[in-house]
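Just follow the structure's listing: the first ligand is 1, and inside any ligand the first atom is 1.
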Amino acid sequence: MTDQAPTAGATNAEAGEPLVCMTGVDKHFGDLHVLQDINLDVAKGEVVVVLGPSGSGKSTLCRTINRLETFESGTITIDGEPLPEEGAALAKLRADVGMVFQSFNLFAHKTILQNVTLGPIKVRGLGKSEAEARAMQLLERVGVAQQAQKYPAQLSGGQQQRVAIARSLAMQPKVMLFDEPTSALDPEMINEVLDVMSGLAKDGMTMIVVTHEMGFARRAADRVVFMADGQILEQKTPDDFFTNPESARAKDFLSKIL
Ligand code: ADP
Ligand code: MG
């Protein structure tokens, strides 16, 4: 190791800046102050699990980072760059910030393979054969390579969600957002999706995960962020959060789910 300045081409995050940086972010839906002075930094390779009661603003927080929602004040940067407003830069942002939702949102009339190659061909400009080769590797990685020629409806929910993860990964995102990725799944399929996510975390993917799976939060999170009523009330290690919640809201939340 030398203490020279980062080499040209190094990303801002590699130079030690947070990959995702939210500062003083505020957002209203009409009278509802849904995000209140949100300050959240996520380092490269960090796994942040966002917990909190229903309606606390967790989904809105994720959607704001991906610019699926606008916000009124404050700043959000990804790898040092402010969120773009529109056009090609916004398409690139959506590729850099992968998002996996509760509902898998696969394209119903495209095969699994086409679902995974579409973005890389259209947005990243990859050739078809290269996109397909990479897609097959990713489908292998999430354990659904054998389903590549099938259509989404022919797959189980757990398989579809793993395809959705592969589809995001195919864009080579800098950070992945997961918004309750297992909430719509039958219980026996939850672990196959969480296992894929744990693997990603181990491989160093930067992740923000909204989930009610407390086992996953304990195992995989570097940090737990607890939200209630549009505010971040606590940010601490999972051990610290689960054994030593400080706010009344967090104590109440944990007493109901543990
Ligand atoms: P969570 O994901 O923590 O359950 P959400 O971010 O989905 O919370 O919602 C936070 C609050 O904002 C809720 O009260 C919800 O009803 C409200 N809300 C979410 N989306 C909209 C919208 N598009 N228009 C108006 N209110 C919304
Ligand atoms: Mg939500």
- Closest contact, heavy atoms only, I65 versus L93: O-CD2, 4.2 Å
Considering only NZ, NE, NH1 and NH2 on the basic side and carboxylate oxygens on the acidic side, decide whether [X] and [Y] come within less than 4.0 Å.
X	Y	answer
D195	R219	no
K251	E246	no
R223	D41	no

- Is the distance from the Mg ion (ligand 2) to the nearest N/O/S atom of Q102 under 2.8 Å? no
- Message: Assigning hydrophobic clusters by single linkage (Ile, Leu, Val, Met, Phe, Trp, Tyr; side-chain heavy-atom cutoff under 4.5 Å), is L90 placed with V123?
- Response: no
- Message: Taking L126 as the starting point, is it possible to reach F107 by hopping between hydrophobic residues whose side chains are less than 4.5 Å apart?
- Response: no
- Distance filter under 4.0 Å, heavy atoms only, around ligand 1 gives F29, L32, V34, P53, S54, G55, S56, G57, K58, S59, T60
